[in-house]
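To start, the structure under review is shown below, and the notes come after it.
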Amino acid sequence: MPDPEERKSYEPKAIERKWYDFWLEKGLFKPEINPSGQPYCIVIPPPNVTGSLHMGHALNATLQDVLVRWKRMQGARALWLPGTDHAGIATQNVVERELAKEKTDRHQLGREEFIKRVWKWKAEYGGRIIHQLKMMGASADWSRERFTLDEGLSEAVRTVFVRLYEEGLIYRSGRLINWCPRCRTALSDLEVEHEEEEGVLTYIRYPLAGGKGLVTVATTRPETMLGDTAVAVNPSDERYKDLIGRKLDLPLTCRQIQIVADPAVEMEFGTGAVKVTPAHDFNDEEIGKRQNPPLESISVIGADGKMTAQAGARYAGLDRYECRKLVVEDLKSLGLLEREEKHIHSIGHCYRCKTVIEPLSTPQWYVKVEPLAREAIKAVRQGRVRIIPEGWQNSYFAWMENIKDWCISRQIWWGHRIPVWYCRECGEVIVARETPDKCPKCGGASPEQDPDVLDTWFSSALWPFSTLGWPAETPDLKGFYPTAALVTAFDILFFWVARMIMMGLKFMGEVPFRDVYIHALVRDQEGQKMSKSKGNVVDPLTIVDKYGADAFRFTLAAFAAQGRDIKFSEERVKGYRHFINKLWNAAKFISMNTEAEAASSAHEVSDLPSRWILSRLSQAAEEINLALEEYRFNDASNRLYQFLWREFCDWYIELAKTGLEDAGQAKGVRWCLLYVLETVLKLLHPFMPFVTEELWQSLSPAGAGGGSSIMTAAYPRDLPRYPEAEEQMGAVIDAISAVRNIRGELGVRPGAKVNIIVNAYSGAAVETLKKHLPYIMRLAGADSIIIGTGIEKQKPKKAAVNVMPELEVYVPVEGLLDIEAEIERLGKELGKTDKELNFCLRKLMDEEFVNKAPEAVVAKERAKCQELEDKKRNLEDSINRLKSMEVENG
RNA sequence: GGGCGGAUAGCUCAAUUGGGAGAGCGCAGCCCUUACAAGGCUGAGGUCACAGGUUCGAUCCCUGUUCCGCCUACCA
């Protein structure tokens, strides 16, 4: 056990690893250590296997760990269930990039080999983020770690798919979907990121067939004209009314298209006539469907983003953007390009690779979400799931109420293979949990499995119950579902949280978690989102390395105010490292001054400072618990900071130095020092697990550690209060502060002793102060002190004065006092007091205020007025005295 | 286009239900007072974005304006 006395400052590196291993070895992260406690479970938002820890993970993990450590100490059967997500597209991209370096690709490798290769990659690098979470001190139960492609979870996925299919909630359709030409896969609406960009609106002339005249249409995508099958106008548009039904010669092709009417066409936009390309635009697809007969759909862009044969020989094979240029040039040379103008519009991009999305028509699987969403909305409305902070509820409802069907099939290889087979003989669609060996309809041999895999979010939607063992009815499932809280950032509220609620309700008949705590996004100092491309990423592990995990965690918690993003600043971490160092040194002082047995048992303390600090501790503990209950992590950490540094170190330890010299009190003070330290360590532990364990263990073997861990100590709550001690200490602190203030203002050297005269306004205060003279003398730096009430006559002439609500303090500073300066200082003080007093008086003279304001407020105002009047009189008094002396001297 | 959030000390941010605003860092002054200079004591610094309204009273509630974020939507 390292002895803190030997080290001047806290060195995190030396101990973090040691204690983490200790906890693991003792199995303290397992819920079984509190077998009879209330269940408390948090499932981790599974980070991508491809990922490495970023600030968002660090914040997310810290908050979860704070909660779970806190609950565990409260005796809960606490389980933080960790795991990772297979992240279909992202992981496949990573491995494909590797293959590219080897001058090969997945098609050359073949599906089976490729999958093997990804598993190999996963085995090698997939554990990185987990390792990094451990560096952060995460107390997750690693024995229960899950991966979304585990056998059990895969079974859950298949079970869900089959059941939804059987209920008609999963279906296949060939309508337009968002297609990423680079990833070569379909994407759900959510996976498309819309961004405003400046583009060009191109006006193109379409000549009327067999006659004069033309219709001009405007488009941002000229290349799609090759697939136009109509031009649409608003039926009530007078300009075009007569043209409806007429044919147009579609330029650059030998096709003719019809002018049709559709109410969705805005008359004000462009020319009021819109080209219709049902195969490449969601709106146009709708327009096409509304026509009778429906419009033909001609695909001119393929899955690779290149023009197809249908685009015509001249354009086939060209990239869509090259084709755009060529089409415009060709139109220009035909005199059919009317004009081009700048146009700002939003363009969809693939959320994984940022490639511009192409609407394409391919057969895909969909979940019919509306019936599921209805239940999920209800659950939140009824408060069965609480979203915190509440503001996010609106977004949740808005999204859920307009939800569209969810495209779940992806044309990649890494993921859950869709459990659907097609009979090669009769074309029968077979949806089953297990691979069928023959067609149940015609008996045809070895049906062919659908080549696609499921959206990664499909499996993560099941995470809260699939990780607990579902569909098997395991003890964990029974014991921990529904989980207590979900901690996540808002950016996956729809992707993940909403879908978990839907699936949880559907398959467990119960919400997956009671609380959803939405935390902030971590940004850089300028408020920019951190991203690799911007190069403004701060690596959490670098911070841990520099300042230690505890300081980092505490910083994140202190930053985690609800409803606001975090602008990360390393300066702040530095500040909290100082805080830890303060704790370290306080502990050092205490262990130097206490004995092993001091904290062994409960103790009655009689000295005022001790009773005071115990009472303050009680209050702090209460507030911290309350803050944690309400997910106010920043309030909890600030309170801890305030208590430990300002109250315990600045006041109590300084007072205790006097107490320790008093033979009668020393024992109680020693006990109190240790007890408060121990308690504050416990309060701090969820936030800074390592240093608190280290100190706990090294304190006194009999008192604290004793071989066990602070992790299993009871979290402090319901400690005794001593209101009278708090009040009495108020007077002592006021007296000391008053003297210090004078010393500071007058620049009295800290080493120089002064004489003090305290005029207290009440007998009780006099008594308290007299009883605690040694404390006042020490902390105020006095070598003599006179205390009394109404000691007018003893008021020294040549003295600085400080007037407090319940007492006034005189410090004769012979030789040190610049009378002129002191008069000025007091004058300034008087001015301030006067101003306040006037404000206060005016208020009280206002009849309406006195009549209408609550009595308590008026009374408070009266008392304040009284106080200010006293203060004013005293200040005037002092000034006059100094002035008269000036005359004497002069 | 719709919706949400933010504007408070030089900087980063707080402020349980309307009663003259707090912290950390930074800054200034004095100190190596043996737990801690990663420290101690003291201090300066704010028309709470702008304009109205409700109220005895508004940083807080209402309306509008400006400036920033974000989410969402099929105006080609």
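Values below: every heavy atom of this structure, side chains too, minus hydrogens, waters and symmetry copies. A note on names: the letters A, B, ... follow the listed sequences, proteins ahead of strands, and every chain is numbered from 1.
- The nearest whole Å value for the distance from the CG atom in A/L190 to the C1' atom in B/C71 is 12 Å.
- Secondary structure note: stems in RNA chain B built from 3 or more consecutive Watson-Crick or G-U wobble pairs under 3.5 Å occupy B:1-7 with B:66-72, B:10-13 with B:22-25, B:27-31 with B:39-43, B:49-53 with B:61-65.
- Taking atom CZ of A/F643 as the reference point, atom C1' of B/G24 lies 19 Å away to the nearest angstrom.
- If you check every strand for non-hydrogen atoms under 4.0 Å, A/K832 touches sugar and phosphate atoms only.
- For the residue pair A/N178/A/D189, the side-chain donor-acceptor check at 3.5 Å is satisfied.
- Which of B/A35, B/A23, B/G19 sits closest to the side chain of A/Q642 comes down to B/A23.
- Distance A/N283 CG to B/C74 C1': 3 Å, rounded to the nearest Å.
- Nucleic acid contact for A/D650: sugar-phosphate only, since backbone atoms but no base atoms lie under 4.0 Å from a heavy atom of the residue.
- To the nearest whole angstrom, the two C1' atoms, one in B/A44 and one in B/A9, are 11 Å apart.
- Spacing between atom CE of A/M777 and atom P of B/U33 amounts to 20 Å, rounded to whole angstrom units.
- If you check every strand for non-hydrogen atoms under 4.0 Å, A/F269 touches a base.
- Between B/G43 and B/G26, the distance separating the two C1' atoms is 14 Å to the nearest Å.
- Across all strands shown, A/V850 has no heavy atoms under 4.0 Å from either base or sugar-phosphate atoms.
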Per-nucleotide protein contact string for nucleotides 25-31 of chain B, where B marks a base within reach and S marks sugar-phosphate only (heavy atoms under 4.0 Å, - for neither): -----SS
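- Contact annotation: A/N402 does not reach the phosphate of B/A73 (side-chain N/O to OP1 or OP2, under 4.0 Å).
- Considering only the side chain of A/E745, B/U42 comes nearest among B/A76, B/U42, B/G19.
- The phosphate of B/U34 (OP1 or OP2) has no side-chain N or O of A/K657 nearer than 4.0 angstrom.
- Residue A/C649 is in base contact, counting any heavy-atom pair closer than 4.0 Å across all strands shown.
- A close approach under 4.0 Å does not occur between any side-chain nitrogen or oxygen of A/H194 and OP1 or OP2 of B/U72.
- Residues A/K835 and A/T833 bring no donor and acceptor atom of their side chains to less than 3.5 Å of each other.
- When distances are taken from the side chain of A/T219 to each of B/C36, B/C71, B/A76, the shortest belongs to B/A76.
- Within 4.0 Å (heavy atoms only), A/E629 reaches no atom of the nucleic acid at all.
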ring-ring contact (aromatic ring centres under 6.0 Å, His included) between A/Y641 and A/F554, intermediate numbers included: CA-CA 10 Å; A/Y641 187 98; A/F554 200 82; 7.0 Å; no
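- For A/I653, counting side-chain heavy atoms from C-beta on, the closest listed nucleotide (B/U72, B/U42, B/A35) is B/A35.
- Proximity of the aromatic rings of A/F687 and A/F633 is defined here by a centroid distance below 6.0 angstrom, and this criterion is not met.
- B/C67 and B/C50 have their C1' atoms separated by 11 Å, given to the nearest Å.
- For the residue pair A/S346/A/E196, the side-chain donor-acceptor check at 3.5 Å is not satisfied.
- Across B/U33 and B/G6, the matching C1' atoms stand 46 Å from one another, rounded to whole Å.
- Residue contacts for A/A398: at a heavy-atom cut-off of 4.0 Å it reaches no nucleic acid atom on any strand shown.
- Residue-level contact check: A/D846 touches the backbone only, with heavy atoms under 4.0 Å from sugar-phosphate atoms and none from bases.
- Among the atoms of the strands shown, base atoms are found under 4.0 Å from some heavy atom of A/E654.
- The nucleotide whose nearest atom lies closest to any side-chain atom of A/M592 is, among B/G19, B/A35, B/A73, B/A35.
- For the pair A/K588 and B/A35, the criterion of a side-chain N or O lying under 4.0 Å from OP1 or OP2 is not met.
- In this structure, the separation between CG on A/L331 and OG1 on A/T202 is 9.0 Å, given to the nearest 0.5 Å.
- Taking every heavy atom of both residues into account, A/P359 and A/R221 meet most closely at CD-NH1, 4.1 Å.
- Between A/F269 and A/H343, the distance separating the two ring centers is shorter than 6.0 angstrom.
- In this structure, A/Y576 reaches neither bases nor backbone, as no heavy-atom distance under 4.0 Å exists between it and the strands shown.
- At a threshold of 4.0 angstrom between heavy atoms, the contacts of A/N741 are confined to the sugar-phosphate backbone, with no base atom among them.
- Closest to the A/S346 side chain, of the nucleotides B/U42, B/C71, B/A73, is B/A73.
- For the pair A/R221 and A/N634, nearest-nucleotide mapping onto RNA chain B gives the more 5' position to A/N634.
- A salt bridge does not link A/E654 to A/R778: none of the charged side-chain nitrogens sits closer than 4.0 Å to a carboxylate oxygen.
- Comparing atom distances between the A/F559 side chain and each of B/C71, B/A35, B/U12 picks out B/U12 as nearest.
- You'll find the ring centres of A/Y351 and A/F495 inside the 6.0 Å limit.
- Residue A/K404 places none of its side-chain N or O atoms closer than 4.0 Å to OP1 or OP2 of B/U72.
- Counting only N and O atoms by type, the side chains of A/Y10 and A/D550 include a donor and acceptor under 3.5 Å apart.
- Here the C1' atom of nucleotide B/U33 and the CZ atom of A/F589 are 13 Å apart, to the nearest Å.
- If you find the closest nucleotide of RNA chain B to A/A264 and to A/D635, the one lying nearer the 5' end belongs to A/D635.
- At least one test fails for A/R616 against the ring of A/W645: distance under 6.0 Å to the centre or angle within 45° of the axis.
- At B/G40, one or more side-chain N or O atoms of A/K582 fall inside 4.0 Å of OP1 or OP2 (strictly under the cut-off).
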